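Quantities reported herein were computed from a predicted structural model and do not represent experimental measurements. Atoms considered below: every heavy atom in the structure, side chains included; atoms not considered: hydrogens, waters and symmetry mates. Throughout, protein chains are lettered first and strands after them, A, B, ... in sequence-line order, and every chain is numbered starting at 1.
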2 protein chains.
Amino acid sequence: MEYADCAPDGSCVSEGAGSGKGRMRMRGQEREYKSKNLQAERRRRQKLSDRLLALRALVPIITNMNKATIIEDAITYIKELQKNVKDLSDQLLEMEASSEEEAKQRSETIDAAEEMNKCGIEEDVEVTNIDGNKFWLKIVIQKKRSSFTKLVEAMNFLGFEFTDTSVTTSKGAILITACVEGIYGETFAAAETRELLQEIIKGI
Amino acid sequence: MEYADCAPDGSCVSEGAGSGKGRMRMRGQEREYKSKNLQAERRRRQKLSDRLLALRALVPIITNMNKATIIEDAITYIKELQKNVKDLSDQLLEMEASSEEEAKQRSETIDAAEEMNKCGIEEDVEVTNIDGNKFWLKIVIQKKRSSFTKLVEAMNFLGFEFTDTSVTTSKGAILITACVEGIYGETFAAAETRELLQEIIKGI
DNA sequence: TAAAACACGTGAGAC
DNA sequence: TGTCTCACGTGTTTT
């Protein structure tokens with residue numbers, strides 16, 4: 001790797017390939033003139049070599065250590081990255097389009113909440129024991145997507161069955177009146193059932 | 001750019017910088033030996049130059065045409081691309097996590113459909129005219145998230161108001177019985193209202 | 001003019 | 001062995 005005819009500081013013994021004016025100068029002047037170009041060229045080469053090394057460090061797949069193949073691998077890597085970026089942004093765009101509805105639902109929910117407040121409707125949960133484990137419910141909650149379904153599911157899961165149910169939506173609120181019956185024979189207090197319901201509603 | 005002392009085919013007039021054995025050979029042999037290496041070196045240089053050109057073509061922002069700066073720009077571009085890929089995939093991951101619920105809902109819908117079919121429940125829409133623009137509805141549809149809310153909204157939009165409504169979910173199906181009344185004074189036939197309803201349900 | 005960038009030919013080492 | 005790759009010093013061109 002080391003140039004045999006040159007000392008580390010750049011002073012060369014070799015005559016060089018000069019065939020032009022440089023050769024015609026006096027010996028001392030010639031050496032100084034050449035030396036300046038020499039050092040600059042060395043700096044340039046080293047800089048380029050360093051950049052190439054940095055590039056090689058950045059590319060994960062390296063088939064060969066050659067200069068040309070390093071650049072080639074970098075090229076394929078850049079193409080791969082560009083493709084990745086394109087695919088990902090396409091996918092993301094698709095995702096965002098499909099989640100637009102979700103955002104719409106969220107804004108609807110906010111609108112509903114505002115309308116409720118504006119009309120002075122307040123959320124309310126009332127539970128009255130009718131007979132044994134049979135309760136009459138009155139629920140006023142903010143309108144959300146699928147809130148009624150979720151409520152029914154949760155109550156079913158807890159062992160309650162809806163019998164006579166009435167649902168109305170108005171002014172951003174859902175008004176539910178229903179009779180529910182505990183089907184597992186357990187008996188609940190009205191207050192207990194009310195807390196259960198409020199917990200469920202909080203989760204909706 | 002062109003080397004003054006060399007013809008395009010590579011035969012050089014210059015004596016070269018040789019200070020080693022190569023110089024000691026006979027004149028004819030020396031030229032042939034050097035020539036071979038010369039052509040190979042030319043191919044190598046051209047290949048490297050071409051790769052560098054291709055790299056330059058791939059990088060959008062080029063501050064300078066220098067070899068070193070071309071590689072430097074490529075390095076910064078690769079870093080930028082890597083960051084882009086990372087950010088995008090993070091965002092996508094987040095998106096997917098938030099859309100998990102949606103997929104869950106979809107699978108629930110499928111489960112509901114299977115359960116309905118297994119239990120022999122069939123979708124049904126019945127409309128009976130009670131008095132003027134007042135109808136009694138009986139609807140059996142597959143359980144989906146927010147289907148009831150959507151139904152009520154659509155009917156409200158078309159000018160119907162729900163009065164006495166009963167909703168029950170069972171075996172993957174929603175059973176709705178209700179009285180609706182056209183509030184804009186228009187009169188609908190029962191069959192017409194039924195078609196309207198089926199259109200709405202199809203859209204849910 | 002000086003400095004920077006480039007292409008060139010060449011010797012030496014690696015496989 | 002020959003072929004490939006590299007670093008080197010140099011002359012020329014460009015800024």
Side-chain angles (χ1 to χ4, degrees), chain A residues 1-57 62-74, chain B residues 1-56 59 62-74:
Chain A
M1 290 293 183
E2 199 73 23
Y3 196 48
D5 295 339
C6 289
D9 64 340
S11 62
C12 292
V13 179
S14 163
E15 286 295 329
S19 72
K21 304 174 282 184
R23 194 97 186 275
M24 299 304 171
R25 292 172 192 271
M26 286 166 57
R27 196 111 186 125
Q29 283 184 1
E30 172 197 350
R31 180 161 294 181
E32 282 186 359
Y33 168 73
K34 284 184 181 176
S35 177
K36 277 189 178 178
N37 196 1
L38 182 67
Q39 287 184 357
E41 179 65 15
R42 277 181 181 165
R43 276 201 303 273
R44 174 181 165 271
R45 265 201 299 262
Q46 194 184 348
K47 191 198 289 183
L48 203 142
S49 189
D50 287 350
R51 303 288 181 209
L52 217 61
L53 214 71
L55 186 66
R56 184 175 66 90
I62 298 163
T63 57
N64 212 344
M65 290 279 272
N66 294 348
K67 279 182 173 181
T69 45
I70 285 173
I71 300 184
E72 194 177 359
D73 290 344
Chain B
M1 291 293 184
E2 199 74 23
Y3 197 47
D5 295 341
C6 289
D9 63 339
S11 62
C12 293
V13 178
S14 161
E15 285 297 327
S19 73
K21 306 174 282 184
R23 196 99 186 273
M24 299 304 172
R25 295 172 189 268
M26 286 168 57
R27 196 112 186 122
Q29 283 183 2
E30 173 197 352
R31 181 159 295 181
E32 280 186 2
Y33 168 73
K34 284 185 181 177
S35 176
K36 274 191 178 178
N37 195 4
L38 183 67
Q39 287 184 357
E41 180 63 15
R42 278 181 182 166
R43 277 200 304 271
R44 175 183 164 269
R45 265 202 297 263
Q46 194 184 349
K47 191 199 288 184
L48 203 143
S49 189
D50 288 350
R51 303 288 182 209
L52 216 61
L53 214 71
L55 186 65
R56 184 176 67 90
V59 176
I62 297 163
T63 58
N64 212 345
M65 289 282 272
N66 295 348
K67 279 182 173 181
T69 44
I70 285 173
I71 299 183
E72 195 178 359
D73 291 344

Contact between Arg51(B) and Leu55(B) at the side-chain level, heavy atoms closer than 4.5 Å - yes or no?
no
Nearest-nucleotide pick for Leu38(B), side chain only, options being dC6(C), dT5(D), dT10(C)
dT10(C)
Determine: side-chain N/O of Arg42(A) to OP1/OP2 of dC8(D), distance under 4.0 Å, yes or no.
no
Nucleotide dT14(D), atom P - distance to CG of Asn64(B) in whole Å:
16 Å
Short of 4.0 Å, heavy atom to strand atom, which residues of residues 43-54 of chain B count as contacting DNA chain D?
Arg43(B), Arg44(B)
Can you find an N or O donor on one side and an acceptor on the other, under 3.5 Å apart, linking the side chain of Glu41(A) with the base of dC8(D)?
no
In the structure I gave you, are the side-chain heavy atoms of Leu53(A) and Arg56(A) within less than 4.5 Å of one another anywhere?
yes
Would you compute the distance between atom NZ of Lys47(A) and atom CG of Leu52(A) and round it to the nearest 0.5 angstrom?
14.0 Å
Partner set under salt bridge (Lys or Arg N to Asp or Glu O under 4.0 Å) for Glu41(A), not counting sequence neighbours:
Arg44(A), Arg45(A)
Give a yes/no answer on whether the side chain of Asn37(B) brings an N or O atom under 4.0 Å of OP1 or OP2 in dT10(C).
no
Under 3.5 Å, is there a donor-acceptor pair between the side chain of Asp73(A) and the main chain of Thr63(A)?
yes
Quick check on the helix from dA2(C)-dT15(D) to dC15(C)-dG2(D): what's the angle between its two end axes, five base pairs per end, to the nearest 10°?
10°
